[in-house]
Amino acid sequence: MPRRRSEPGLDIAQAVALGVLHGPAELLPISSSGHVALVPWLFDWPYAELDPELRKAFEVALHAGTAAALVVALRDEVADAVLELDGRRGALILLSSLPAAACALLLERPIERRLGTPATVAAGLLLGSAAMVAADGAPQDRGREEAGARDALWLGVAQATALVPGVSRNGATLVAARLRHFRREDANVLSRHVALPIILAASALKGKRLARRGLPRGARRAFAAGVAASFVSTLASTWLIRQVERDRSLLPYAAYRTALAGAVLVRAVRKNRRR
């Protein structure tokens, strides 16, 4: 008789591995949520078979660990942004947050139910790759200080599309900024500045829901280990921000995303043939 896994089944080693993966995947335009969904499925980890609500709660916990690490690592930049906050910058942050907040309130549950499968995540990776290729050759003749209301709305719509697993918030906002002709370094700064408030707000809101609902006793240690791993891996990976921020093309990230999506599709075909 096969050994039955105990509930809730969140393995500490797998939680740590996903936490370690989450940090760099969040900092690069390759979709952290897509990786957290796909890696267990590709390697047949028991995590892939957990209750969807428990998996979602764990992903929220990983994002909270990453957000906390970003606030620590970028504390000087965050402090400068707060000190320099004026009416124009405040309006830009608000406009860039509204589309994502509205879509999250209206569509988060349907998206989670219908677009979290390996095939749909692979589709999100491919669509994001195509957008990166299209944006990579855009002119670079604007600085972040030139950003206006229309730019903020573009970035906000981009953040809303990142609700689809596999798209990547970082990738979508980078594409939007590049299509608006911002220089690569300025596009990265804009992407980071509009994303961090959304990440913090979403983590706080979902964390409150999680605290109200509570965790299964057996999952608490794994959650804590995953959050700690996410926090540490993000701190250790912050040098990646500067790598992406330099005058680098988006094409390598598009190629990686395409390769990952291809691996998922090949795996899916093989699994179907075994049935």
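Remark: N188 CG to N170 CG distance equals 7.0 Å, nearest 0.5 Å. Rounded to the nearest 0.5 Å, atoms CG (L153) and CG (L98) are 8.0 Å apart. Taken from CD in E26 to OG in S168, the straight-line distance is 7.5 Å, to the nearest 0.5 Å. Note: L10 CG to D51 CG = 11.5 Å, rounded to the nearest 0.5 Å. Between the CG atom of D151 and the CG atom of L95 there is a distance of 10.5 Å, given to the nearest 0.5 Å. How far NE2 of H22 is from CZ of F231: 14.5 Å, rounded to the nearest 0.5 Å.
Using a 4.5 Å heavy-atom threshold, the side chains of S233 and P24 count as touching. Side-chain atoms of L163 and L107, non-hydrogen and from C-beta on, never get closer than 4.5 Å to each other. Put simply, the side chain of T66 does not reach to within 4.5 Å of the side chain of L27, judged on heavy atoms. Side chains of L74 and T238 form no contact here, defined as non-hydrogen atoms less than 4.5 Å apart. Between Y47 and V36 there is a side-chain heavy-atom pair separated by less than 4.5 Å.
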Check the pair V121, V264 against side-chain contact (heavy atoms from CB on, under 4.5 Å), reporting the backbone distance first and the verdict last.
CA-CA 9 Å; V121 174; V264 171; over 6 Å; no

side-chain contact (heavy atoms from CB on, under 4.5 Å) between H193 and L190, intermediate numbers included
CA-CA 5 Å; H193 284 189; L190 286 171; 5.8 Å; no

side-chain contact (heavy atoms from CB on, under 4.5 Å) assessment of D136 paired with R184
CA-CA 9 Å; D136 196 61; R184 285 177 175 141; 3.4 Å; yes

Please determine whether side-chain contact (heavy atoms from CB on, under 4.5 Å) holds for the pair R257 and L250, giving the CA-CA distance in whole Å, both sets of side-chain angles, and the decisive distance to 0.1 Å.
CA-CA 11 Å; R257 292 164 61 103; L250 292 174; over 6 Å; no

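In this structure, the side chain of R192 does not engage the main chain of V189 through any donor-acceptor pair within 3.5 Å. A donor-acceptor pair under 3.5 Å is absent between the side-chain atoms of E49 and the main chain of P46, judged by distance alone. Put simply, the side chain of T234 gets close to the backbone of S230: a donor and an acceptor are under 3.5 Å apart. Listed for the R183 side chain is no donor-acceptor partner under 3.5 Å among the backbone atoms of A187. For the pair D186 (side chain) and R144 (backbone), a donor-acceptor distance under 3.5 Å is present. In terms of modelled atom types and a separation under 3.5 Å, the side chain of R142 and the main chain of A177 share no donor-acceptor contact. No donor-acceptor distance shorter than 3.5 angstrom exists from the side chain of R169 to the backbone of A162, with no hydrogens or angles considered.
Among all heavy-atom pairs drawn from S96 and I93, the shortest one is OG-O, 2.9 Å. Nearest heavy atoms, S191 versus T173: OG-OG1, 2.5 Å. Closest non-hydrogen pair, A147 versus L92, comes out as O-CD1, 3.6 Å. A222 approaches A15 most closely through the heavy-atom pair O-CB, 3.4 Å. For P29 against G171, the heavy-atom pair with the smallest separation is CB-CA, 3.5 Å. Here the shortest heavy-atom pairing between S33 and G166 reads OG-N, 4.1 Å.
Around atom CZ of R221, no more than 12 heavy atoms belonging to other residues, nucleotides or ligands sit under 6.0 Å away.
Hydrophobic clustering of Ile, Leu, Val, Met, Phe, Trp and Tyr side chains at less than 4.5 Å, counting indirect connections, unites L62 with L42. Put simply, L28 and L18 are part of the same group of oily side chains (I, L, V, M, F, W, Y) that touch within less than 4.5 Å, one to the next. Under the 4.5 Å side-chain heavy-atom criterion for ILVMFWY residues, no single connected hydrophobic cluster contains both F43 and I12. Hydrophobic clustering (ILVMFWY, side-chain heavy atoms < 4.5 Å, transitive): I30 and V39 are in one cluster. L260 and V20 are assigned to two separate hydrophobic clusters, defined by single-linkage of ILVMFWY side chains at heavy-atom distances under 4.5 Å.
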Cut-off 3.5 Å, no hydrogens considered: what does the side-chain donor-acceptor table look like for residues 52-60, sequence neighbours left out?
from: E53; atom 1: OE2; to: R109; atom 2: NH1; distance (Å): 3.1
from: R55; atom 1: NH1; to: A48; atom 2: O; distance (Å): 3.3
from: R55; atom 1: NH1; to: L50; atom 2: O; distance (Å): 2.6

Report all side-chain donor-acceptor pairs from residues 125-134 shorter than 3.5 Å, counting only partners two or more places apart or in another chain.
from: S129; atom 1: OG; to: L125; atom 2: O; distance (Å): 2.9
from: S129; atom 1: OG; to: A254; atom 2: O; distance (Å): 3.1
from: S129; atom 1: OG; to: T258; atom 2: OG1; distance (Å): 3.4

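Among pairs with a residue in residues 254-273, those fulfilling ring-ring contact (aromatic ring centres under 6.0 Å, His included) read H35-Y256, at least two apart in sequence or across chains.
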